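Inspection log for the structure reproduced underneath, given as structure tokens.
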Amino acid sequence: MRAAVIERTGLPVRIEDLVLDEPREGEVCVRITASGVCHSDLHVRDGDWVRPGPIILGHEGAGIVEAVGPGVTGLQAGEHVALTWYYPCLRCRACQLGRQWLCSGSASVHHTAADGTSRAHRQDGSDVRAYLSIGTMAERTVVPAAAAVPIPVSVAPEVGALIGCCVSTGVGAVLKTAEVPAGAAVAVFGLGGVGLSVVMGAVLAGAGRIVAVDRVADKLERALDLGATHVVRATEPEATVAAVRTAAGGDGPDYAFEAIGLPITIDQTIAVLPPGGTAVLVGLTPFGQRASFEVFPFVDGSRRILGSNYGFAVAAVDFPRYAELHLQGRLPIDRLVDARIGLEDVEDAFGRMRRGEGLRRVITF
Ligand code: APR
Ligand code: ZN
């Protein structure tokens with residue numbers, strides 16, 4: 001099977017022809033139909049996050065179950081699935097509390113199967129890991145059954161793929177982490193796949209004003225299209241903060257989301273808050289990065305900062321929910337996609353992402 005592999009973090013993607021094992025106990029083989037290109041893949045590619053190599057990139061994918069291993073119940077060949085990049089062990093304390101995004105027993109963090117071994121190999125037999133245990137930038141993948149969540153056949157492959165990362169991350173940050181109430185004023189910094197999903201989530205929540213911020217004009221257009229009520233073109237930090245506060249009305253947005261992962265915009269996300277306001281940090285930074293804020297007004301004004309990983313996703317419940325909302329026309333996920341590309345175009349897509357160009361690029365197979 002063809003797959004987009006990096007030898008190690010910091011090196012460019014190469015398309016390799018790999019060998020894939022049959023699914024073992026508790027695993028399924030999925031033929032990938034679509035894989036989004038997410039900024040987290042770029043973090044690994046560029047070495048912001050060091051990961052063991054060689055590794056197949058991609059963690060935002062959908063496909064069709066091709067084979068099920070021994071002991072798998074509830075999944076059958078032919079079923080359409082979206083893949084979660086943080087499959088739950090279902091046994092640890094977090095899983096039992098229903099907080100699967102905090103699972104401590106998932107092998108996803110090791111980029112292997114549950115038993116610590118790899119199902120993909122080079123022609124010489126050596127192992128190739130799969131990013132977050134799913135490695136979706138490949139024609140096929142063998143994953144733990146809990147990573148493959150059935151979604152309706154009528155959901156387009158690229159929509160299913162995006163539900164697997166940016167949609168769950170952004171929509172979930174609004175609905176699950178922040179629990180934004182109807183009528184609240186919301187601001188969003190960064191309008192990639194994640195930030196635009198925050199905009200869609202804010203619309204679903206019935207937010208009052210929705211202020212979308214980016215330094216690229218095209219992104220502002222798309223945010224308006226998805227239901228943002230105001231847009232701010234990011235310039236100097238102080239000017240941007242002032243413009244966001246004015247656009248949000250009152251003293252600033254009740255909820256401000258950061259969907260980039262830069263200290264400079266994290267600072268702004270906290271700075272725009274009125275008393276009682278909540279900052280929700282969604283964007284992931286390179287390791288070791290710090291952010292800062294002035295403490296007195298923060299405490300005096302009873303402000304809050306929340307971290308939101310994967311939009312608090314419980315994939316088995318939330319993926320079908322988001323798919324259903326999409327089919328009802330209430331989550332226009334298809335409008336995040338601006339191009340379908342081939343596996344060989346991944347490096348080009350990374351280049352565009354570094355420059356902030358275009359919307360979500362999705363590899364289709
Ligand atoms: N001010 C405003 N907008 C900015 C700035 C800035 N200083 N710098 C970058 N942006 C915008 C870009 O123009 C782009 O539209 O932020 C957006 C980031 O989008 P993507 O690169 O497409 O990233 P995305 O895949 O949405 O992920 C965002 O979430 O899951 C994490 O690792 C992921 O940290 C990343 C973040
Ligand atoms: Zn992602």
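As the structure lists them, so they are numbered: ligands from 1, and atoms in each ligand from 1. Being a predicted model, the structure only gives us computed values, none of them experimental.
- The shortest side-chain heavy-atom distance between Asp115 and Glu25 does not fall under the 4.5 Å cut-off.
- Counting only heavy atoms from C-beta outward, the side chains of Leu273 and Thr278 never approach each other to under 4.5 Å.
- Atoms of ligand 1 found under 4.0 Å from any heavy atom of Ala234 (numbered from 1 in listed order, with element): 1 (N), 2 (C).
- Proximity of a side-chain donor or acceptor of Gln96 to a complementary backbone N or O of Arg91 within less than 3.5 Å is detected.
- Taking every non-hydrogen atom of Val216 and a distance limit under 4.0 Å, the qualifying atoms of ligand 1 come out as 13 (O).
- Atoms of ligand 1 found under 4.0 Å from any heavy atom of Lys219 (numbered from 1 in listed order, with element): 14 (C), 15 (O).
- Side-chain contact between Arg335 and Met200 is absent, with no heavy-atom pair separated by less than 4.5 Å.
- Inclusion of Gly283 in the set of residues having an N or O under 3.5 Å from an N or O of ligand 1 is not warranted.
- Here the shortest heavy-atom distance to atom 13 (O) of ligand 1, taken over Leu42, Val188, Val37, Asp214, belongs to Asp214.
- Between His59 and Tyr131, the ring-plane angle classifies as perpendicular under the 30° and 60° cut-offs.
- His39 ND1, 3.5 Å is the protein heavy atom nearest to atom 20 (P) of ligand 1.
- Within ligand 1, the atoms closer than 4.0 Å to a non-hydrogen atom of Ser40 are 30 (O), 32 (O), 33 (C), numbered from 1 in the order shown.
- Look at Glu7 and Arg122 and you find a salt bridge, because one of the NZ, NE, NH1 or NH2 atoms lies within 4.0 Å of a carboxylate O, short of that distance.
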**OP:** Output, in order, the C-alpha distance, side-chain angles, deciding distance and verdict of side chain to side chain contact (heavy atoms under 4.5 Å, CB included) for Ile56 and Thr141.
**Re:** CA-CA 10 Å; Ile56 303 168; Thr141 183; over 6 Å; no
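- Using a distance-only test at 3.5 Å, with no hydrogens or angles considered, no donor-acceptor pair links the side chain of Ser168 to the main chain of Gly164.
- The shortest N or O to N or O distance between Ile260 and ligand 1 is under 3.5 Å.
- Inter-residue side-chain proximity for Val241 and Val272 is flagged as met; some heavy-atom pair is nearer than 4.5 Å.
- Residue Val194 has at least one nitrogen or oxygen atom sitting less than 3.5 Å from a nitrogen or oxygen atom of ligand 1, judged on distance alone.
- Side-chain atoms of Asp41 come within 3.5 Å of backbone atoms of Gly58 as a donor-acceptor pair (strictly under, hydrogens ignored).
- Arg93 has its side chain out of reach of Ser104: every pair of non-hydrogen atoms, C-beta onward, lies at least 4.5 Å apart.
- Taking every non-hydrogen atom of His43 and a distance limit under 4.0 Å, the qualifying atoms of ligand 1 come out as 32 (O), 34 (O), 35 (C).
- In this structure, Arg233 contributes its side chain and Arg215 its backbone to a donor-acceptor pair below 3.5 Å.
- Contact atoms of ligand 1 toward Thr265: 1 (N), 6 (C), 7 (N) (distance under 4.0 Å to a heavy atom of the residue).
- Between Arg360 and ligand 1, a contact under 3.5 Å exists for at least one N or O pair.
- Set against the non-hydrogen atoms of Leu191, the atoms of ligand 1 under 4.0 Å away are 15 (O), 17 (C).
- Looking only at heavy atoms of the protein, atom 31 (C) of ligand 1 is closest to Leu284 N, 3.8 Å.
- Of all protein atoms, those that are N, O or S and lie under 2.8 Å from the Zn ion (ligand 2) total 3.
- Remark: among candidates Glu60, Met353, Arg361, Arg215, the nearest residue to atom 8 (N) of ligand 1 is Arg215, based on non-hydrogen atoms.
- Heavy atoms of Leu262 found under 4.0 angstrom from ligand 1 belong exclusively to the side chain.
- Contact annotation: the side chain of Ile266 never approaches that of Phe293 to less than 4.5 Å [non-hydrogen atoms, C-beta and beyond].
- The side-chain heavy atoms of Phe189 and Leu262, taken from C-beta on, include no pair separated by under 4.5 Å.
- If you check each of Ala259, Ser197, Gly192, Ala217 against atom 28 (C) of ligand 1, the one with the closest non-hydrogen atom is Ala259.
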